[in-house]
Amino acid sequence: MLAYIIRRLSYAVPILLGVNLITFVLFFVVNSPDDMARMQLGIKRVTPEAIQKWKAERGYDQPLIWNAAATGTSHLTKTVFFNKSMRMFAGDFGRADDGRDIASEIKNRAGPSLAIALPTFILGLGVAIAFALLLVFFRATRLDFFGVVLCVAMMSVSGLFYIIGGQWLVAKVWHWVPISGYATGLTAAKFLVLPVLIGVIAGLGASARWYRTIFLEEITRDYVRTARAKGVSESAVLFRHVLRNAMIPILTGVVAVIPTLFMGSLLTESFFGIPGLGSYTIEAINAQDFAVVRAMVFIGSVLYILGLLATDISYTLADPRVSLQ
Amino acid sequence: MMSLPFQVVVLWSDALFFGLIAAVALLGMWAQRQAPLRKSWARVATDQVAMVSATILAAFLLVGVLDSLHYRARLDASPGQAEPQKINYAVEVNSLLDVLLAPLRLHSEKTYSAPLATHLFSKEPLPGSIERGFPRLAWGGSHLGSALAHQTIDIVQRCVLGAAGGLLLWLGVVSLMRLRFRRQHRGLETSAKFENPAKVGAGDTLQRFESDRRECRADRRKCRAVSGKPPRKAASHATLITLLVLFLFTGITIALGSGYHVLGTDKVGQDVLYLSLKSIRTGLLIGSLTTLVMLPVAVLLGILAGYLGGWVDDAIQYLYTTLNSIPGVLLIAAAVLMMQVVIDTHPDWFATSAERADARLLALCLILGMTSWTGLARLLRGETLKLRELEFVQAARAFGVSHVAIMQRHILPNLMHIVLIALVMDFSSLVLAEAVLSYVGVGVDPATISFGTMINAARMELARDPMVWWSLAAAFTFMFILVLAANLFTDAVRDAFDPRAAA
């Protein structure tokens, strides 16, 4: 098991290098640091000296990927690629355009992101599985048919509508909770209810329909027929046999998501004014702060790879037949 | 000197859009000749829900196509001035849809006005007085003059007229279709039920139609043996009803729209109905061109990885794992930001602002395509792995057929059903993604009219008091209908192609 995990983690290195290379090409080759300087400085103040100064202040005055002027290993280390991209492996993300340290900013903002994303994830999973089981229990009846129609209709509604409509109805018309904002500690709860609720509803259609398909696939298997032939009740078949065996395909989709919960949700956080990583990313995108976007891409990739690993490990827990070599 | 009163403008996205439509038509013709594919599509054609949603999609497509025929109007020389040597064209690029919707496009108001309103939504100083009040609209309801009391009667009159017009048009279309149907089936020695198309008319009761359908199913084999085509009866009934609803809606909208702003006006006084209709093209383009970008990449790499194996497989797998591990939105955001810088730093590349917006739209499609090919490629790789071991491929290899020929002749046609489904599969999620991306600020150019930019512009309107609901409602409703139709159609297609359901 440990050997497997170590091997898998070592596979992650070339992938992360690839991620870095892609973002590097996007950020520095498609647009040279000169272009960036020109854009940041504005059209009026652009002089060659101003560009040089801007680049020197931010460490863009070195060659991109190969420093011919240097000696030894500094051929590689005194370059923009090493300083801006490779340092991220060590957790050094540099500074945002407003001068703040990105790493500490990320540390502060991960908490609020998780406070929204984790309850949404757990509740969403529970509600979707329960709804899917209900549909499967009443399969091939009118309830099942309208349930599926409801799922398709819910899938077809824009995520923006859930947020805008939910904010309007719950916060503005009914005055149940504040429209947006965030607080620490227990007072946070009143700010969290609405975004979590909306997140659960927005994701329900697609996931419930997907789980229903998985359950239906499982319910035609031989072992289910055997169980029924023994006289096991329908609810016992569903909960004890089908649910357990359907765990593997469900885990594939679900466990991979867990680490990325830290990233937060772009839309929810920006609409509800929650100071998490999602709104941080959106602010960076709107301000065209490439350093922050680059850091978020890197962190997102690391978390995704961790998610893949966690998926494999969860298989062994869900299904004793699976063993990892 | 004689010349056209306009200059035809073919934007890149127009060319690709029409190219895609042609490609789909060609694929359709190819599928007609493949027995298994034809059978599956015939199953789609007998599905009522599928045909209803296909009709609605076709209506959206029509709007999109009309909006893709662009031109620049010629500028007339000002009177008293000598005829200029060079003909000048307007900077503004318009489409055929803009011409059809000219009353909506040109008659803008000062600011917000509610649907079918005659007065502005907010109080303003009235002209020639010191009081504040709701000024009359420049266009909406201006034909009423001072007889404002007649507004309700006028609206009802217009509704009835429009509905009657729509009904007449529908009857015309139906009789045309019947004529064609009769001509096609004349002389065919098939059962009388299929001979006599009069039964398909709208006068049929639902019950009769149901029993017809059952018989139709029983006779399917016989029918196909004779005409080579499956009966389209059940589905054509549903199509006709959908058409009727569409025609009625269009008729009423035209009748009302010639005197009012049917869906109100937005903050800068633009007609919301016009904006919604213009958004359709953007949605369709994002949904379809992205697939066009991703399809060749996914098919080529998927087949190569699955068929050749070895280091090629490793390299391609590495590529898509890497691309996959970057969070989609962030990769798109980063790429769009970069594109924007490139576009901003090269203003000389684009003659008009429409071309610049078009370039950004295409760039967005390209980026979306680059981030979404991985799923299909993985699917095709898995399928190819299976096909590679089958006897006919082994035999071909034993005969010394080249790898390229095997992939082309034996592997690709057997993957076509997956590719066809992929064509329709991603559409709805892409339309939804556009709105989100435009909200985040990495979507289409802010000058491009799209559902995303509409929602983005209107997002604070619900917080106003009294609130302005119509722009948001219009954008969400149009988007919902488009995506729902696409989802339902996709479901029908997937069911029809699912080999387990075919039994």
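All chains are named by letter (A, B, ...) in the order of the sequence lines, taking the proteins before the strands, and each is independently numbered beginning at 1.
Counting heavy-atom neighbours within 6.0 Å of Tyr318(B) OH, excluding the residue itself, gives a total above 12. Heavy-atom contacts from other residues, nucleotides or ligands closer than 6.0 Å to OH of Tyr162(A) number more than 12. Annotation for Met460(B): atom CE does not count as buried by contact number, only 12 or fewer foreign heavy atoms lying within 6.0 Å.
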Handout entry: side chain to side chain contact (heavy atoms under 4.5 Å, CB included) assessment of Met467(B) paired with Val173(A)
Key = CA-CA 11 Å; Met467(B) 64 172 178; Val173(A) 177; over 6 Å; no
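Note that the CZ atom of Arg209(A) and the CG atom of Asp491(B) stand 4.0 Å from one another [nearest 0.5 Å]. Atom CG of residue Leu21(A) and atom OG1 of residue Thr322(B) lie 10.0 Å apart, to the nearest 0.5 angstrom.
Using a 4.5 Å heavy-atom cutoff, the side chains of Lys172(A) and Leu462(B) are not in contact. Residues Ser270(A) and Tyr439(B) form a side-chain contact, since some pair of their non-hydrogen atoms from C-beta on lies under 4.5 Å apart. Side-chain contact between Met479(B) and Leu160(A) is absent, with no heavy-atom pair separated by less than 4.5 Å.
Counting heavy-atom pairs closer than 4.5 Å to chain A, the top residue among Ala485(B), Ser428(B), Ser325(B) is Ser325(B). When Val49(B), Leu331(B), Leu330(B) are compared by the number of non-hydrogen pairs under 4.5 Å with chain A, Leu330(B) comes out ahead. The residue among Thr23(A), Val149(A), Val19(A) with the most heavy atom pairs within less than 4.5 Å of chain B is Val19(A). Note on Leu16(A), Val152(A), Leu17(A): by heavy-atom pairs under 4.5 Å with chain B, the leading option is Val152(A).
With a threshold of 4.5 angstrom between heavy atoms, Thr281(A) approaches chain B through side-chain atoms but not through N, CA, C or O. In this structure, chain A has no heavy atom under 4.5 Å from any part of Ile481(B). Only the side chain of Met263(A) comes within less than 4.5 Å of a heavy atom of chain B; its backbone N, CA, C and O stay farther away. Ile285(A) touches chain B through backbone and side chain together, each having a heavy atom under 4.5 Å away. Using a 4.5 Å cut-off between heavy atoms, Ile22(A) touches chain B through its side chain atoms alone. Interface remark: Ile164(A) contributes backbone and side-chain atoms alike to the contact with chain B (heavy atom separation under 4.5 Å). For chain A, the nearby parts of Val440(B) are the backbone and the side chain; heavy atoms of each come within less than 4.5 Å. For a residue to count as touching a neighbouring chain, one of its non-hydrogen atoms must lie under 4.5 Å from one of that chain's; by this rule Ile15(A) touches chain B with backbone and side chain alike. Both the backbone and the side chain of Val436(B) come within contact range of chain A, each with at least one heavy atom under 4.5 Å from a heavy atom of that chain. Residue Ile455(B) touches chain A through its side chain alone, counting heavy-atom pairs closer than 4.5 Å.
Of all heavy-atom pairs spanning Ala153(A) and Leu484(B), the tightest one is CA-CD1, 3.9 Å. When every heavy atom of Ser301(A) is checked against every heavy atom of Pro327(B), the shortest pair comes out as N-CD, 3.9 Å.
A perpendicular orientation is assigned to the rings of Phe161(A) and Phe476(B), their planes being inclined by more than 60° (bins at 30° and 60°).
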